Amino acid sequence: MVGTGLAGSSCAASLSELGFQVEVFTFHESPRRAHSVAAQGGINAAKDYKNDGDSIWRMFYDTVKGGDFRSREANVYRMAECSLALIDQAVAQGVPFAREYSGYLSNRSFGGVQVSRTFYARGQTGQQLLQGAYQALMRQSQIGNVRLHTRHEMMDLWVEEGKAKGIVARNLDTGEIKLHVADAVVLATGGYGKIYYLSTLAMNCNASAIWRAHKQGAFFAAPSWTQFHPTSLPQMGDYQSKLTLMSESLRNDGRIWVPIKSGDNRPPHEIPEEERDYYLERKYPSYGNLAPRDISSRAAKEQIDNGHGVGPMNNAVYLDFKDAINRDGKTAIEKRYGNLFYMYKKITGMDAFKEPMLISPSAHFSMGGLWVDYELMSNLEGLFVLGEANFADHGANRLGANSLLQACVDGYFISPHTIMNYLAGEKPIEDPKPELSHEIIDTNQKRLDNLLAIQGNKTAEEFHKELGKILYNKCGLIREKQTLLKAKTELKNLRDSFYKELLVPKGSSLNFELEKAARMEDYLELAQLIVEDALQREESCGAHFRAEHQTPDGEAKRNDNEFQFVSVWEILENGNHNLHKEHLDFESIKVSERSYK
């Protein structure tokens, strides 16, 4: 098991509970440092506690529509079905979900939905869910069924005769590289949104595990489908290396607006109501401020690009709680979102109870990932991929609060069964011949030695920042053919300079810069595939918005006749890629124009 977020910890604990011996790898010093802790707003389940007409079917339809009809029906329906049991599982583990005065679990709404199905623990839902999974994992570790390898990073996947048979991992403290054999390998290593540099993801989030598996033959699906979150804190200066997420749940009570007058730099309290444009409420009256993330992010970018941006760098819009505070009182709003308001004040120095929050779109979630079948197994037998590391459930856009759900459902309910199905037909693994083990280890050591030997004058961080700018500007919220072609050229030049100008300080085995450089090398290759995928998909769908393909009123225009498929990329020996197409058949849902007006 590689990764100890919600998907990894829950799967490892569940398999161990069933009697399997599990080895768990994380590059963190503790499994609790996994990025699942950063998810704030909630987790979806179709329990219909509010009696507002929710159901498994409605959740299934909302999710397929939210992904712009670019996801598998069967996977999505299974996720909606399992959502009911998942909430019970989490409550049994002691996750402190918010409750009504009556004692019933409380719900709120998220973008793209007109019912309340999101269960939450203030603004710390991911952290609380991870505590539950972590406790289950540590229990199994204590009794000896789980062997935990902290501060170990996966360097490569060992494949023999088309089957995954283990991983190559590096001890980040000692520098030792070792081959670990296994009867099955599970990757639960999260997404690659950090490739954009300025993103809501933690600094150490990376794509190396899934990219290394891809280079060993695992197919990569829909790499260009990357979501931009509409309620991130905006960039405040060139010194920043990441952005901070503000939970989408804030859009339940906050109203988003910009000044009607372009370049209006008056303080927000000096701008009267008639001079404010509540543009989401104007453009999408049925959903208003709860329009889906891709639509809300593009709408914000449109306002900013047209000169209506606010804040020190004119790169943000307002999220205003004045009306909600007047209606419900400050105490009620503080009870719902208090820690988020505190976090905002700590970071910006501004009090969102007294003035609107500044928010801006930011790279966030990757809907793409390694291709998996219905049993969550890659085309490489024995390689299972869970959570955000696979492509399976979200199509071209993820609805809010479905991320925690997918990770938990994959880990607790699906993979323990499907992995068992696979192992039932396998003979126990045998250790490889010593010479093969040495060859695999030497190959990975040589890769690191080559990076150390370059000794140029630019750090991996500087290359990452340049890469992020190329992707943000040319393959971000809005894409078009000419800029994508320019991006291909710029990425090739950047990669060439990486192998000439990279500087990794030589020294002890504990080398953070070497870790960054290896991850950056993988990012540079993945970035080329992202742009290639965006170029070949001549349509707009969800978070993939091609400027050439839009409706007269500026919405995404799909091309179902030619592109109703998932792009599945196979790497060839020369580093090029071959495109396979997984056609999407919709038997239960009628494919229609995606409208939230």
Side-chain angles (χ1 to χ4, degrees), residues 191-208 211 223-230 232-245 294 297-298 300-302 304-305 309 311-316 358-366 368 456-503 513 516-535 543-547:
Y192 49 88
K194 189 62 188 171
I195 196 170
Y196 284 84
Y197 189 69
L198 285 175
S199 83
T200 63
L201 276 67
M203 288 300 295
N204 280 334
C205 291
N206 63 84
S208 286
W211 188 253
S224 67
W225 289 350
T226 306
Q227 182 177 80
F228 286 73
H229 199 290
S232 162
L233 296 189
Q235 183 183 8
M236 295 292 190
D238 290 336
Y239 56 85
Q240 282 181 260
S241 56
K242 79 173 295 293
L243 300 174
T244 303
L245 177 68
D294 57 323
S297 293
R298 280 198 299 274
K301 185 179 190 303
E302 181 183 276
I304 293 166
D305 290 348
M313 297 179 68
N314 298 318
N315 62 345
L358 295 173
I359 59 166
S360 180
S362 173
H364 179 56
F365 187 93
S366 41
N457 56 11
K458 285 176 68 174
T459 65
E461 188 88 356
E462 290 175 283
F463 279 105
H464 195 175
K465 189 176 285 190
E466 286 186 41
L467 173 63
K469 286 180 180 178
I470 294 171
L471 290 178
Y472 250 118
N473 294 332
K474 298 182 172 63
C475 191
L477 273 162
I478 299 176
R479 297 123 184 229
E480 53 186 313
K481 185 173 183 178
Q482 292 308 312
T483 54
L484 288 169
L485 290 171
K486 288 179 183 176
K488 279 186 72 171
T489 302
E490 291 178 21
L491 288 173
K492 183 183 181 302
N493 294 339
L494 185 64
R495 191 172 173 221
D496 290 344
S497 66
F498 176 81
Y499 289 111
K500 296 175 184 175
E501 300 175 31
L502 175 69
L503 171 63
E513 288 302 312
K516 289 181 184 178
R519 294 167 187 169
M520 186 61 206
E521 184 179 36
D522 295 329
Y523 270 155
L524 285 167
E525 295 178 3
L526 172 57
Q528 292 178 302
L529 183 59
I530 287 174
V531 171
E532 190 64 39
D533 185 55
L535 259 173
H544 170 67
F545 189 86
R546 286 284 296 267

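All residue numbers in this chain count up from 1 along the given sequence. Quick caveat: nothing in here was measured; it's all calculated off a predicted structure.
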Colleague: Got more than 12 heavy atoms from elsewhere within 6.0 Å of NZ, Lys469?
Modeller: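 12 or below, so no.
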Colleague: Check whether His464 reaches the backbone of Lys194 with its side chain - one donor and one acceptor, N or O, closer than 3.5 Å.
Modeller: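 Looks like yes, one N/O pair under 3.5 Å.
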Colleague: Drop me the distance from Leu201's CG to His364's NE2, to the nearest 0.5 angstrom.
Modeller: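 Answer for the CG-NE2 pair, Leu201 versus His364, is 7.5 Å.
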Colleague: Rounded to the nearest 0.5 Å, what separation is found between the CG atom of Leu503 and the CD atom of Glu461?
Modeller: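 Going from the CG atom of Leu503 to the CD atom of Glu461 covers 13.0 Å.
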Colleague: Does a side-chain heavy-atom distance below 4.5 Å link Arg479 with Thr483?
Modeller: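 Arg479 does not reach Thr483 side chain to side chain.
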Colleague: Is any side-chain heavy atom of Pro312 closer than 4.5 Å to one of Leu358?
Modeller: yes
Colleague: Ion pair present between Glu513 and Lys516, side-chain N to carboxylate O less than 4.0 angstrom?
Modeller: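 Salt bridge present between Glu513 and Lys516.
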Colleague: Which value, rounded to the nearest 0.5 Å, describes the distance between Glu490 atom CD and Ile470 atom CD1?
Modeller: 5.0 Å
Colleague: Counting C-beta onward and ignoring hydrogens, is there a side-chain heavy-atom pair between Tyr197 and Leu467 closer than 4.5 Å?
Modeller: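 Not touching, per the 4.5 Å side-chain cut-off.
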Colleague: Taking C-beta and beyond as the side chain, do Leu484 and Cys475 meet within less than 4.5 Å on heavy atoms?
Modeller: yes
Colleague: Is a donor on one side and an acceptor on the other found under 3.5 Å between the side chain of Ser497 and the backbone of Leu494?
Modeller: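 Yes; judged by distance alone, with no hydrogens or angles, the pair exists.
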Colleague: Which heavy atom in Pro234 sits nearest to a heavy atom in Asn315, and how many Å separate them?
Modeller: CB-OD1, 3.7 Å
Colleague: Looking only at non-hydrogen atoms, find the nearest pair between Phe498 and Leu524 and report the distance.
Modeller: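 In this case the closest contact between Phe498 and Leu524 is CG-CD1, 3.5 Å.
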Colleague: Identify the heavy atoms of His544 and Ser224 that sit nearest to each other, and give their distance.
Modeller: ND1-OG, 4.3 Å
Colleague: Within the 4.5 Å heavy-atom criterion, are Lys481 and Leu535 side-chain neighbours or not?
Modeller: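 Yes; the side chains approach each other to less than 4.5 Å.
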Colleague: For the residue pair Tyr499 and Glu521, confirm or rule out a side-chain donor-acceptor distance under 3.5 Å.
Modeller: yes
Colleague: How many angstroms lie between CD in Glu501 and CG in Asp496, if you round to the nearest 0.5 Å?
Modeller: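 Interatomic distance, Glu501 CD to Asp496 CG, rounded to 0.5 Å: 10.5 Å.
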Colleague: If we ignore hydrogens and angles and just use 3.5 Å, is the side chain of Arg519 paired with the main-chain N or O of Cys205 as donor and acceptor?
Modeller: no
Colleague: Looking at Ser366 and Tyr192, would you say the former's side chain and the latter's main chain have a donor-acceptor pair under 3.5 Å?
Modeller: yes
Colleague: So do the side chains of Lys474 and Val531 get within less than 4.5 Å of each other, counting heavy atoms only?
Modeller: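 They are not in side-chain contact.
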Colleague: Starting at CD1 of Ile530, measure out to CG of Leu471 and round the result to the nearest 0.5 Å.
Modeller: 6.0 Å
Colleague: Go through the structure and list residues passing side-chain hydrogen bond (donor to acceptor under 3.5 Å, both in side chains) with Gln528, not counting sequence neighbours.
Modeller: none
Colleague: Applying salt bridge (Lys or Arg N to Asp or Glu O under 4.0 Å), can you list everything that pairs with Glu462, at least two apart in sequence or on another chain?
Modeller: none
Colleague: Please report the shortest heavy-atom distance between Leu477 and Ser297, naming the atom on each side.
Modeller: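 In terms of heavy atoms, the two residues are closest at CD2-CB, 3.7 Å.
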Colleague: If you take all heavy atoms of Ser362 and Ser199, which pair is closest and at what distance?
Modeller: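 Shortest heavy-atom contact: OG-CA, 3.6 Å.
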Colleague: Does Tyr472 have its ring centroid less than 6.0 Å away from the ring centroid of Phe228?
Modeller: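 Yes.
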Colleague: Please list, one pair per line, the donor and acceptor atoms closer than 3.5 Å that link side chains of residues 236-245 to other protein atoms, with sequence neighbours excluded.
Modeller:
| from | atom 1 | to | atom 2 | distance (Å) |
| --- | --- | --- | --- | --- |
| Gln240 | OE1 | Met236 | N | 2.4 |
| Gln240 | OE1 | Gly237 | N | 3.4 |
| Gln240 | NE2 | Lys242 | O | 3.3 |

Colleague: Determine whether a donor-acceptor pair (N or O, by modelled atom type, separation under 3.5 Å) exists between the side chain of Asp522 and the backbone of Ala207.
Modeller: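 No.
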Colleague: Ignoring hydrogens, what is the shortest heavy-atom contact between Pro361 and Ala300? Give both atom names and the distance.
Modeller: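 Looking at all heavy atoms of both residues, the shortest contact is CG-CB, 3.9 Å.
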